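I have placed the structure first, in the form of structure tokens, so that the comments after it can refer back to it.
Order of the sequence lines fixes the chain letters, A, B, ..., with proteins taken first and strands second; residue numbering starts at 1 for each chain. Here the structure is a predicted model, which means the values were calculated and not measured.
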Amino acid sequence: MAEKTQSAEFIPRLLPPWELLAEGHRGCQGCGEALALRQILKAAGPDTIVCSATGCMEIITSPYPETAWRIPWIHVAFENAAAVASGVEAGIKILQKHGRYREGKVNIIAIGGDGGTADIGLQALSGALERRHDFTYVCTDNEAYMNTGIQRSSATPFGASTTPSPAGKESIGQRTEKKDLPMIVAAHNLPYLATACPSYPLDLMNKTRRALSTEGPTYLHVLSPCPTGWRHPIDMAVEMGRLAVESGVFPLYEIIDGKLRLNVEMNKRRPVAEYLKPQGRFRHLGPEQIEEIQRFVNEYYDRLIYRSQCDAEAPPTPHEE
Amino acid sequence: MGERVGLEVSLAVSEAVKLARAEAVAAYPITPQTHIVEELAQMVADGDLDAEFVMVESEHSAMSACCGTSAVGARTFTATASQGLALMHEVLFIASGLRLPIVMAVANRALSAPLSIWGDQSDVMAERDCGWIQIFVETGQEAFDQTVCAFRIAEDPRVLTPMIVNIDGFTLSHVVEPLELESQEAIDGFLPPFSAQVVLDPDRPVTIGPVGFPELYTEIKKQQNEALLASHQVIVEVWKEWADSFGREYRPVESYRAEDAEVLINLAGAVAGTARVAVDEMREEGRKVGLVRTRLWRPYPFADMREAVGSAKAVAVVDRALSFGGPGGPMASELRGALYPLASPPVVAGFVAGLGGRDITVGDFRAMVDETEKIVSEGYTHEYRMHGVRE
Amino acid sequence: MADGPTWKEYPMAATISEPGSATGQNTGDWRSERPVRNPEKCDKCGICWIYCPDAALFMDEEGFYEVDLYHCKGCGICARECGKDAIEMIEEGE
């Protein structure tokens, strides 16, 4: 995999020019999550409604009277973005049937952070997925409650120091492994699910388009490096995402009609130490712990490869036939 | 004239929702609300109601989904009770803060613990400050009429505030009553389609639910409260129009044999029927006793209550909810507040009764009136008393 | 709090009807370093543009990406990601 996105594969004039997440938002310098949103909305286009969960992205985009949203947007609460989106979808469906709403497809996106999705919003998400609403849920995962001051969530990785899971003489920081949220979501048998990262903008935008154009509930899990919470230099969000992917810490894959496909299968991966090292949240880890993390990553990655191979050999799904 | 039928009150509410042409219902089952929602589901399944019926995975999500349907401009209904209403708590404040005119029936039921599926009004009293218009009904006819009216009131551009119609669980919700169902044509004439002014629409992008800094939060809350207060006038107008169309009159406060009464009973909900029997008995005995039933609870009808209470010596307020460690029952403390500015306000005797499905009998009302008279004649201080409790 | 709109003057529920009004916000003053592009090295690839979290780059008439200094917060992602090393971060005030 290329170390940096090469100009040859990238023609900006072919990308949507609109900035639907307006400049002037209050995101931190070098925010990977705002970058992810910007790219997602580029792909989604103006015929889109966003329902946000409480969190960084909600706070930084909507301090009255300044909104960063150039599309219709609603925030209700923290744990219910998927439920609000369910209502928006159901409401538009019936109003369109009654001729009381504009015609044509409206993309409905619910957005939550890792806390709003993997923790407090998990029930609402599961319900909305099970009910088969036609919407896309985007989890912008920065691996902790950054908005409230870097508190661990169930998506915080092993060994990360956060304010309530601090590293100390008797503590290595977060003691448990990151909850495997995409696989929990996958258990709802969605037609489309993908992991993505704004360090790979074309990939993220293509996955967004695919998710939105797939009928039924779809899900994007977007790793969103956070210089504030991860304590890496402010110019490194894109590089951190790249290191996460190239080390196998955050594999990019899609699950389409139940079949998992690794977007890039890397037999040679960077050592996880390269990913951990620039981040203050992992600075306290010693060689043994880094070795342990390396082992987790290898095992998980091998399982993914195995599954993708099995899925590739499985009978074709209706869409493939 | 409508069609005269015998109908379970829950189903009468569902009929009202159907005739109101609700477009979206998001709900979660909880006793004793279930019959309302099941009937709506059946209506949708049978093609009698052309609405989106979303059976969500919790009441929190029910109210959240209602915010979504209402924010795109769909006429929205839900129903709940007890723990379900408590689980909605957070979103109730947001629905009113976002000015989404959702209509909700609450089949009033006690709150745990201990678990009780039976009736009282603790559930809604815990939500009295959530910014919704709230009324209590007594009969099936009233439940039907008020459910239709609720959409007119909540969706009025001067109001745009959600509304709760309280129906006592089981003792009203599950009772079969004779009532008049109005025709679709007549209801269509009374209730135009919901025409939302601000909706989520890609043609006119708006940001709904922004962050409000201290420099504006107070102003936005004032704005919301003013709309709730102003709803009183709209409510009276809508009820007047309903009376003109259908012949049934409603007022914020209903008085019964109250004109020259020295002791008034004040309560809300279906137990008023029993209270009227007690009043009649005592009147026959020559005692000057009357009844003031609170229909409109939020906005609190201060002027109506002052007028209804008039020159009575005392009011026995019967609350079916307990404000733990506080002034007893919420209706009593509200009435005390309303009467306080009067030069010589009547004594307000608070009673908490009928908790968790315990009946309030004619004898109970008589005993509470007896005690109220004693408080007046002996002049002792009475904050409140839990009536009918075994000591 | 004597100044400012009255409760009657705010839109209902503080709903914002001007899309993207955040553009009026000067986030450029958060910056301690600013990106400076070297036109000789720049090949107009647009990598800087697609990686900007603040949408603070725009294409000029010649197809070069210019920095919108009113919004650029100076994170330096553009400089770090530029494959041609055509962007340098220099300290504000220099």
**Report entry** Residues of residues 50-65 of chain A with any heavy atom under 4.5 Å of a heavy atom in chain C
**Finding:** A/Tyr64, A/Pro65

Query raised in the report: Any donor-acceptor pair under 3.5 Å linking the side chain of A/Thr117 with the backbone of A/Asp114?
Result: no

Query raised in the report: Relative to the ring of A/His75, is the ring of A/Trp73 parallel (under 30°), tilted (30 to 60°) or perpendicular (over 60°)?
Result: parallel

Query raised in the report: Side chain, backbone, both or neither: which part of C/Phe58 has a heavy atom under 4.5 Å from chain A?
Result: neither

Requested in this report: Applying salt bridge (Lys or Arg N to Asp or Glu O under 4.0 Å), run through A/Arg70 and A/Glu23 and close with a yes or a no.
Outcome: CA-CA 11 Å; A/Arg70 290 191 168 117; A/Glu23 57 288 347; 2.8 Å; yes

Query - Short N-O contact, C/Glu91 and C/Arg34, less than 4.0 angstrom - result: no

**Report entry** Segment of C/Cys52 engaging chain A (4.5 angstrom heavy-atom cut-off)
**Finding:** both

Report task. Using the ring of C/Trp49 (Phe, Tyr or Trp, six-membered ring only), decide whether A/Arg38 places NZ or CZ under 6.0 Å from its centre and within 45 degrees of its axis. Result -> yes

Query raised in the report: What's the spacing between C/His71 NE2 and C/Asp54 CG if we round to 0.5 Å?
Result: 9.0 Å

Query raised in the report: Among all residues two or more places apart in sequence or in another chain, which pass the ring pair (Phe, Tyr, Trp, His ring centres under 6.0 Å) test with A/His221?
Result: A/Tyr219

Query raised in the report: Between A/Arg13, A/His25, A/Glu19, which residue shows the highest count of heavy-atom pairs closer than 4.5 Å to chain C?
Result: A/His25

Report summary line: Counting heavy-atom pairs under 4.5 angstrom with chain C, the leader among A/Ala237, A/Gly27, A/Pro198 is A/Gly27

Requested in this report: Report, as yes or no, whether the 6.0 Å neighbourhood of atom NZ on A/Lys105 holds more than 12 heavy atoms from other residues, nucleotides or ligands.
Outcome: yes

Query raised in the report: Heavy-atom distance under 4.5 Å to chain A: side chain of C/Met89, backbone, both or neither?
Result: neither

Report task. Determine the interplanar angle of the A/Tyr145 and A/Phe78 rings, folded into 0 to 90°, and report it as parallel if under 30°, tilted if 30 to 60°, perpendicular if over 60°. Result -> perpendicular

Under 3.5 Å, which donor-acceptor pairs link side chains of residues 228-235 of chain A to any protein atom two or more places apart or in another chain?
from     : atom 1 : to       : atom 2 : distance (Å)
A/Trp230 : NE1    : A/Asn142 : O      : 2.8
A/Asp235 : OD1    : C/Arg80  : NH1    : 3.4
A/Asp235 : OD2    : C/Arg80  : NH1    : 3.3

**Report entry** A/Glu103 atom CD: more than 12 heavy-atom contacts under 6.0 Å
**Finding:** no

Query raised in the report: Considering heavy atoms only, which positions within residues 22-29 of chain C lie below 4.5 Å of chain A?
Result: C/Ala22, C/Thr23, C/Gln25, C/Thr27

Query raised in the report: Just how far is it from atom CD of A/Gln39 to atom NZ of A/Lys207, taken to the nearest 0.5 Å?
Result: 12.5 Å

